[in-house]
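Scroll down for the structure; my scribbles are underneath it.
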Amino acid sequence: MTTVDVVLPVPVDQTYTYGVPTEMRDTVDIGHRVLVPFGKRRLTGVVASEGPDPESVDFALKDILDVLDERPACSEEMLRLTKWIANYYVCSWGEAIKAALPSGINVKSTHRLRRTEEPPGQWVEHEQAGPLLADLEGRDDTTLSAIRKRLGTTVPLGLVRRLAAEGILEVNTQLSDARVSAKTATYVRFSAAFQHPSAAADLVEQLRGSKQKALIEALAGFREEGTPEPLRTDLLERAEASHSSLNSLVDKGMVETVEKEVVRSPLDDLPDPGPAPDHTLHPSQQEAYDAVARAVEDQSYQTFLLHGITGSGKTEVYIAALKDVLAQGRTGIILVPEIALTPQTVQRFRSHFGDTIAVLHSQMSMGERFDAWRQLRDGELSIAIGPRSAVLAPMDNLGLIVVDEEHESSYKQFDPAPRYHARDVAVMRAYLNDAVCVLGSATPSLESVMNAEWGKYTRLNMPERVPDSSGTSAELPNVEIVDLTLQKRKHQLEGALSEPLRAAIRARIDRGEQTILLQNRRGFAPVIECCDCGWAPLCRDCSVTMTVHKTRSGGRMLQCHYCGRTEPTMRACPSCNSQDLHQIGTGTQRVEDELNDVFPDAEVLRMDRDSTRKKHGHHKILSQFRNGADILLGTQMIAKGLDFSRVTLVGVVDADVGLLLPDFRAEERTFQLLTQVAGRAGRADLRGEVILQTRNPEHKALQFALDHDFDGFAASELEDRKILSYPPFGHLATVEFRGPKEARVERLAENWTKALRKHSASDVLIGDPSPASVKRVKKQFRYRTVLKSRQSQKHLQSALRRTEQSFGSVPNGYHVSIDVDAVGLL
DNA sequence: AGCACGCCGACT
DNA sequence: GTCGGCGTGCTC
């Protein structure tokens, strides 16, 4: 290759052609990352294809500076997939590729160099190697970029590798990005002179300080357990010693400390899952599995919509199909919503597939991410399980993609482009690979229901709960509605919990059973308001009122749920000085207080973003619940994937939260949430009960949830959607305009929308730009235009693409973001 | 996205 | 007379 076409991480819809210097011609290939000059900057790009003849181009060709990979970072399949993503979601190819590579890989993957041997003469003479080797002379350890800086020239990585292969130097490639540096920890070990086991005993003799002795003993203990270099914190804890005792040992030269990158897989935290439970599939599971297995056998593309009610055993079907795929020597991806990525789920897969699984978790460090990515790419691991971004896992030979809880809106990416929907990308990726895609849910999205109806997907149903070991099948829980307006009139309801709900909770506590309570709103109270003048505190940077939160010490503070800013609360109204401030509405913290008040004998656990922020926060709370706490109260994160056999009551404190949002999917989302959380109640031997508190007892979403009637809800909701040409019967996209000055944002929105109208086909309906439902977030004003097409999303895409191209650049600090198939407030 | 260039207003 | 905000255009 004498020239290459390179995709760059800039929002420009084109590739750039670069020349390849002779010495890189045999190392560069499609999919490799390359370092290139771009204007005044240097960027990491990915080679998309061989470029045109250098003679035929009418611009000044620049050369690539370096080839950064030995193996392609992007397979040809990933190039095709990301290209599709870019086209479909109207972003640049570079942005799509960026999403597929582990974050940080582009920024600075540094190569640390060290000279190990005296170089032979021919290398010292070498035009590029000479200065490099001279620079390395006498330096212990340096980075490639530092050398480049000192020499003022580029140092081709290919050359460095050749030198390394000959043993002249040692290359250590590591991720380093100042913003998210690789995690390191301090480890302790015996110094070289005191390595021998008997030395420890001698040391203990010599030492005066009892703490120092304890440290030596503890360190020797760790060594006997096969951990010669324990973590400093672990050592100090075991010896019950402090830093100062350890430091004096270090000063005496007996032990030394080492900084090492923590390479910890999330799996290490979990106990060995034990052997896989041997289960035979239940008839409805078997039927679903057979259909999937036939498609897997054929190695041809097919997408299944697996509608299985809660407790019907969808996971076993996934596992059985995955086993078939692995047996063919192919690989699989399991997508789960972030909140469902609990140890429970992971352990089930792990007990079947052992250590061939890469678990991709949002709390992984960059180093962990990179490791998992590399191992998947190199075929060392053949299963990836993770949230949204796992659909872009770098595997070859893909045979199966499972999207569990496919209706979950967390599969839609928001903030940085590409704003892709992982479920739809999964279907496309399966298609490109002749693979099978399984979309599973107890409450499928209406889009998927219609796609099945239209024959794009094959629908499979599992309408029964799986029986337990004793052979008894759990019945679906009995659902009751409690009308809060009635309760208020009858009982002068004070708090958030009605009489019937209180009685039901009381009964579980007395019987030693457990309760799950959903209150889908965090904090103490959503609003604080002055009773005299109506004043309420607004966030300084966002156009929303601040939420009242309880502090750890029991006091109050204000928090903005959009930007996270906190403020102390006030004693008196700053506007009229009245002392009469009321906290209106109910969040999880307030319900927690009420529960502690009403049931002083019960152990109450609260699970929301605030209580789980700390690492392992989820696990801690869940294991306490498993150990027998009475009540688990939480936001929607408790609705998914939890499986506790002693839960016989699920209460929804306020089923109306979210129902009144200005979003055409509000009903669908409420129905899904209620059905999912109801599914947590009752297992084989203990019939469950569900209580929904509401002020809208007649509402469709509640009425259908009452009867567990998914099909009824779907049919009714689809009728409404059809009339309004909302998805799945029409296609939607939004354009959001953002910037610091409202007038300017509004003008930008109007001009852009005008241009959009000019470029649109006749069936595209374009709304007027309007302020977003929360007009200002983090000091930025936001306006939005909604596009709708009855016929095809292609019309939306081409209109957007053309407008973007013709409109050109927007002022500094202002942004236009396109969201195809937007999910959210619409 | 960055970054430079070129155009107009308010300061030394 | 310059400093600097902001709009526009370009990057192989």
Side-chain angles (χ1 to χ4, degrees), chain A residues 1-21 24-25 28 30 32-68 79 82 85-86 89-101 103-108 154 177-179 413-419 735-752 754-755 778-781 800-819:
Chain A
M1 290 194 202
T2 53
T3 65
V4 284
D5 284 336
V6 177
V7 190
L8 294 170
V10 288
V12 179
D13 183 32
Q14 71 177 95
T15 56
Y16 290 85
T17 306
Y18 287 88
V20 182
M24 298 180 198
R25 296 231 165 118
V28 73
I30 288 167
H32 281 104
R33 288 173 310 130
V34 288
L35 188 69
V36 295
F38 190 66
K40 289 240 158 186
R41 296 178 290 163
R42 288 165 161 214
L43 292 178
T44 310
V46 173
V47 176
S49 58
E50 182 161 8
D53 182 341
E55 305 299 318
S56 71
V57 300
D58 56 355
F59 46 79
L61 205 61
K62 288 187 187 173
D63 278 354
I64 61 175
L65 301 170
D66 215 340
V67 180
L68 302 175
L79 286 171
T82 49
I85 290 173
Y89 293 102
V90 192
C91 67
S92 75
W93 196 358
E95 287 171 306
I97 286 182
K98 206 171 161 187
L101 296 177
S103 62
I105 194 172
N106 276 348
V107 192
K108 258 161 215 147
T154 66
D177 181 347
R179 289 170 310 168
Q413 161 109 341
F414 268 129
D415 206 8
R419 297 180 179 79
V735 188
E736 191 184 84
F737 309 92
R738 241 170 336 119
K741 288 194 179 155
E742 182 170 14
R744 189 69 193 81
V745 174
E746 196 179 358
R747 206 172 89 218
L748 175 65
E750 268 158 17
N751 292 338
W752 217 93
K754 204 187 281 174
K778 296 180 193 169
K779 298 182 174 168
Q780 299 257 307
F781 287 93
L800 289 162
R801 183 71 79 183
R802 281 205 292 264
T803 307
E804 198 181 40
Q805 244 147 41
S806 75
F807 197 87
S809 56
V810 297
N812 271 332
Y814 291 80
H815 306 270
V816 177
S817 25
I818 292 169
D819 193 346

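Per chain, numbering begins at 1; letters A, B, ... match sequence-line order. Just so it is clear, the values below take in all heavy atoms, side chains as well, and ignore hydrogens, waters and symmetry mates.
When the C1' atom of B:dA1 is taken as reference, atom CZ of A:Arg738 falls 13 Å away, rounded to whole Å. Counting to the nearest Å, the C1' atom of B:dA1 and the CD atom of A:Glu804 are 12 Å from each other. Between A:Phe38 atom CZ and B:dA1 atom P the separation is 13 Å, expressed in whole Å.
You can see that DNA chain C meets the heavy atoms of chain A within a 4.0 Å-exclusive cut from C:dC6 to C:dC12, reading 5' to 3'.
The SG atom of A:Cys91 sits 11.5 Å away from atom NZ of A:Lys98, with the distance rounded to the nearest 0.5 Å.
Counting non-hydrogen atoms under 4.0 angstrom, A:Tyr18 reaches the backbone sugars and phosphates but no base. A:Val57 comes within 4.0 angstrom of nothing in the nucleic acid, heavy atoms only. Among the heavy atoms of the strands lying under 4.0 Å from A:Val810 is at least one base atom, whether or not backbone atoms are also near.
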Pairs under 3.5 angstrom only: tabulate donor-acceptor contacts from the side chains of residues 6-16 of chain A to other protein residues two or more places apart or in another chain.
| from | atom 1 | to | atom 2 | distance (Å) |
| --- | --- | --- | --- | --- |
| A:Asp13 | OD2 | A:Gln805 | NE2 | 3.4 |

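Judged as a side-chain hydrogen bond (donor to acceptor under 3.5 Å, both in side chains), and not counting sequence neighbours, A:Gln780 has no contacts. Residues forming a side-chain hydrogen bond (donor to acceptor under 3.5 Å, both in side chains) with A:Ser49 (at least two apart in sequence, or on another chain): none. Partners of A:Glu804 according to the side chain to side chain contact (heavy atoms under 4.5 Å, CB included) rule, which considers only residues two or more places apart in sequence or in another chain, are A:Val90, A:Trp752, A:Arg801, A:Ile818. In this structure A:Glu736 satisfies the salt bridge (Lys or Arg N to Asp or Glu O under 4.0 Å) test together with A:Arg738, A:Arg782, sequence neighbours excluded. The side chain to side chain contact (heavy atoms under 4.5 Å, CB included) test applied to A:Pro52 returns A:Thr3, A:Asp5, A:Thr17, A:Ser56, A:Val57, not counting sequence neighbours.
Along DNA chain C, the nucleotide nearest A:Lys741 and the nucleotide nearest A:Gly808 are compared for position; the residue whose nucleotide lies closer to the 5' end is A:Lys741.
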So which protein N/O to nucleotides 3-8 of chain B N/O distances come out below 3.5 Å?
none

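The ring-ring contact (aromatic ring centres under 6.0 Å, His included) pairs that include a residue from residues 40-63 of chain A number zero, where partners must be two or more places apart or lie in different chains.
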